[in-house]
Amino acid sequence: MKHTDTLKGLAKRLVMDNLLDETVALQALAECESDRSNLVHYLTHNNLLAPSLIASVAAHEFGTSLYDLSVHNIDVIPKDIVEKKLLRKHQVLPLFKRANRLFLALSDPTNHLAVSEVRFQTGLSIELVLVEHDKLERALDAFLHEQEENDMGNALGTMEDVHLDDLDIEAVDEEKTSGSGIDNSDVDDAPIVRFINKLLLDAIKQGCSDIHFEPYEKTYRVRFRTDGILREVTKPPANLAPRLAARLKVMSQMDISERRVPQDGRIKLRISKNRAIDFRVNTLPTQFGEKIVLRILDPASAQVGIENLGYEEDQKQMYLDVLNQPQGMILVTGPTGSGKTVSLYTGLNILNTVERNISTAEDPVEINMPGINQVQINYKVKLTFPEALRAFLRQDPDVIMVGEIRDLDTAEIAIKAAQTGHLVLSTLHTNSAPETLNRLLNMGVPAFNVATSVNLIIAQRLGRRLCVHCKKPADDIPQNILIEEGFETIGRPLEELTLFHPVGCPKCTNGYKGRVGVYEVLKVTPRIARLIMEGGNSIEIEQAAIEEGFRTLRQSALRRAAEGIISLEEANRVTKD
């Protein structure tokens with residue numbers, strides 16, 4: 001039976017031209033309606049048709065010309081005319097404005113909702129410009145990336161505009177500096193104060209995650225960790241080491257007279273009326289002085305939105321679906337510095353409504369979130385993860401977040417909470433999602449409890465994002481190398497792949513700017529649950545999951561490389577064994 005009469009627009013034309021199977025077209029339209037996406041996006045991202053072919057057919061069907069977006073100058077795109085959330089939502093891009101007409105690039109000419117919403121928001125008449133979907137995505141990413149950089153620059157201001165002496169830093173009790181053997185004038189020495197303040201501001205402006213102050217026998221160095229990679233930024237005289245350490249410890253409200261044991265502290269740096277950055281500070285006594293590391297905790301990282309974390313569409317939807325369930329457990333796993341905390345905070349931010357009671361147990365509390373009851377673990381007074389969890393269960397909770405499951409006691413209480421009507425989020429240190437299940441079993445958690453409580457496991461890494469301004473196509477990679485790397489497993493024709501190399505320009509660091517998440521998301525289906533209860537190992541669990549559509553970290557990284565977001569070198573760095 002023919003259903004062509006039920007199709008319309010672009011889908012009907014593709015079927016009539018024998019470019020798309022009718023059944024596939026109907027399924028595509030149904031799924032687009034379900035997840036509120038458009039047909040062109042669906043066909044492109046599922047590798048059903050090439051973007052150039054879709055655009056050519058659409059131009060012919062709707063009687064419009066096709067514009068090559070790759071030659072469009074991104075600098076002439078009008079800024080602040082269309083809200084960024086509308087650009088992301090509808091995958092459209094304003095090209096230029098003429099009087100009261102806005103020329104809007106889009107790849108699906110049937111996306112009438114996009115046109116009406118942009119028209120309503122801008123008050124302008126809209127002229128549609130048809131472009132290829134893949135080129136639109138690249139141009140939109142580049143435009144939004146540049147806008148975000150400008151927004152950050154405006155929020156921080158230029159270094160020349162900031163008065164280093166006027167930064168608002170939390171003070172310390174005077175008694176903590178007494179008896180230290182260090183003159184208070186050393187601590188408040190103006191050059192030292194200005195030097196440290198400028199380093200902190202430089203690190204924030206450059207998007208660093210950590211600052212390392214490191215003393216050696218004859219040298220002293222300061223390093224920034226940017227996009228996951230450490231680099232040296234300055235080498236002050238070694239004889240300044242005690243004064244730099246003293247100043248940092250005073251800012252962090254530590255005891256500057258104690259140099260024999262590690263200490264922890266925090267700095268709150270207020271750089272404007274509505275912008276404050278927290279630093280988590282740790283000191284470590286070394287042979288030649290105290291090494292001090294500052295972790296930069298930007299509250300804005302919890303507000304980035306799940307759409308900006310780098311999840312693929314199906315992975316994001318699985319996470320959102322489980323977040324909407326009333327009970328069960330979500331586990332995020334990966335090495336230190338892989339973005340687990342941001343993933344958890346993003347989930348908590350989605351759940352953070354007036355109808356829910358949310359409590360977290362953390363060591364340490366990294367980002368303060370209004371509306372969430374955050375508990376700092378303190379082993380000195382025996383406030384451990386298990387003790388905090390027991391208290392939570394008497395506090396009428398809806399959602400519980402445990403910073404890390406480190407032992408059987410914590411695991412058992414968290415699983416009990418997940419089985420008794422609470423949604424539990426936590427982290428574990430394992431290399432992959434399937435290994436996480438075996439880790440819980442090895443801790444001593446009964447297989448039945450694991451199978452019936454864990455709903456979703458997310459394993460993740462952070463890869464450096466290629467600079468959109470200077471990356472160049474890598475045309476020198478032979479096909480046999482692509483096969484060896486595993487590109488044949490990601491469901492894309494090898495001959496259509498275009499990988500990119502980092503180059504380097506004034507807007508990036510060695511060809512990279514920012515980071516993007518690489519994920520594997522394992523949903524515990526009935527089949528996986530049976531395997532767990534039957535004693536299946538991580539290899540068997542992974543194989544069963546792959547048969548159900550699961551993608552490994554390696555496959556996700558290769559897909560990111562194929563999309564031109566990261567380089568092959570970066571995919572290998574973060575995922576290759």
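Among residues two or more places apart in sequence or in another chain, the salt bridge (charged side-chain N to carboxylate O under 4.0 Å, His left out) test is passed with Glu485 by Arg554, Lys576. For the side chain to side chain donor-acceptor pair (under 3.5 Å) test, no residue two or more places apart in sequence or in another chain qualifies with Thr234. Remark: Arg280 pairs with Arg295, Leu297, Pro364, Glu366 by the side chain to side chain contact (heavy atoms under 4.5 Å, CB included) rule, at least two apart or across chains. By the ring pair (Phe, Tyr, Trp, His ring centres under 6.0 Å) test, His72 pairs with Tyr67, sequence neighbours left out. Looking at residues two or more places apart in sequence or on another chain, you find no side chain to side chain donor-acceptor pair (under 3.5 Å) involving Asn431. Remark: Glu232 engages no residue in a salt bridge (charged side-chain N to carboxylate O under 4.0 Å, His left out) (not counting sequence neighbours). By the side chain to side chain contact (heavy atoms under 4.5 Å, CB included) test, Pro285 is found to be paired with Pro262, residues two or more places apart in sequence or in another chain being considered. Residues forming a side chain to side chain donor-acceptor pair (under 3.5 Å) with Arg515 (at least two apart in sequence, or on another chain): none.
In this structure, Ile330 and Val424 have side chains that are not in contact, with every pair of non-hydrogen atoms separated by 4.5 Å or more. Between Asp278 and Asn368, the closest side-chain pair of non-hydrogen atoms falls below 4.5 Å. In this structure, the side chains of Leu309 and Tyr519 come closer than 4.5 Å at one or more pairs of heavy atoms. Residues Ile77 and Leu93 are in side-chain contact: their nearest non-hydrogen atoms beyond the backbone lie under 4.5 Å apart. For the pair Glu137/Gln91, a side-chain contact is recorded, criterion being any heavy-atom separation below 4.5 Å from C-beta on. In this structure, Leu425 and Leu323 have side chains that are in contact, with non-hydrogen atoms separated by less than 4.5 Å. Contact check for Arg88 versus Asn308: side-chain heavy atoms found under the 4.5 Å cut-off. At a threshold of 4.5 Å between non-hydrogen side-chain atoms, the residues Phe195 and Leu240 do not count as touching.
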Handout entry: Verdict with reasoning, Ser343 to Gln460, per side-chain hydrogen bond (donor to acceptor under 3.5 Å, both in side chains)
Key = CA-CA 9 Å; Ser343 284; Gln460 65 181 79; 2.7 Å; yes

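Within 6.0 Å of CZ in Arg439 there are 12 or fewer heavy atoms belonging to other residues, nucleotides or ligands.
Applying the salt bridge (charged side-chain N to carboxylate O under 4.0 Å, His left out) definition to pairs two or more places apart or across chains, those involving residues 282-294 are Glu214-Lys291, Lys249-Glu290. Pairs passing the salt bridge (charged side-chain N to carboxylate O under 4.0 Å, His left out) check and including a residue from residues 338-365, sequence neighbours excluded, read Asp363-Arg406. For residues 561-570, the salt bridge (charged side-chain N to carboxylate O under 4.0 Å, His left out) pairs, not counting sequence neighbours, are Arg464-Glu570, Arg492-Glu563, Arg560-Glu563, Glu570-Arg573.
Checking side-chain atoms of Gln315 against main-chain N and O of Glu312 turns up a donor-acceptor pair under 3.5 Å. Remark: the backbone N or O of Pro215 is not paired with any side-chain donor or acceptor of Thr219 at under 3.5 angstrom. One N or O on the side chain of His422 and one on the backbone of Ala417 form a donor-acceptor pair closer than 3.5 Å. Without hydrogens or angle criteria, Asn442 side chain to Asn438 main chain gives a donor-acceptor distance under 3.5 Å. Using a distance-only test at 3.5 Å, with no hydrogens or angles considered, a donor-acceptor pair links the side chain of Gln374 to the main chain of Met369. The backbone N or O of Gly403 lies less than 3.5 Å from a partner atom in the side chain of Thr427, making a donor-acceptor pair. In this structure, Thr333 contributes its side chain and Thr430 its backbone to a donor-acceptor pair below 3.5 Å. Judged by distance alone, the side chain of Lys472 and the main-chain N or O of Pro502 form no donor-acceptor pair under 3.5 Å.
A distance of 11.5 Å separates CD in Glu217 from OG1 in Thr286, rounded to the nearest 0.5 Å. Note that CD1 of Ile292 and OG of Ser252 are 7.0 Å apart. Values are rounded to the nearest 0.5 Å. In this structure, Ile358 CD1 and Asn352 CG are separated by 4.5 Å, a value rounded to the nearest 0.5 Å. With values rounded to the nearest 0.5 angstrom, Leu331 atom CG is found 8.0 Å from Leu437 atom CG. Taken to the nearest 0.5 Å, the CE atom of Met251 stands 13.0 Å off from the NZ atom of Lys268. For the atom pair OG1 of Thr509 and OH of Tyr512, the computed distance is 11.5 Å after rounding to the nearest 0.5 Å.
Looking only at atom types and distance, the side chain of Thr410 has a donor-acceptor partner in the side chain of Asp407 under 3.5 Å away.
Here the closest non-hydrogen pair linking Cys208 and Ile296 is O-CD1, 3.4 Å. Taking both residues in full, the closest heavy atoms of Phe224 and Leu199 are given as CZ-O, 3.6 Å, listed atom of the first, atom of the second, then distance.
A tilted orientation is assigned to the rings of Tyr311 and Tyr319, their planes being inclined by 30° to 60°.
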Donor-acceptor contacts under 3.5 Å from residues 389-401 side chains, at least two apart:
from, atom 1, to, atom 2, distance (Å)
Arg390, NH1, Glu387, OE2, 3.0
Arg390, NH2, Asp409, OD1, 3.3
Arg390, NH2, Asp409, OD2, 3.3
Arg394, NH1, Arg390, O, 3.4
Asp398, OD2, Asn357, N, 2.7

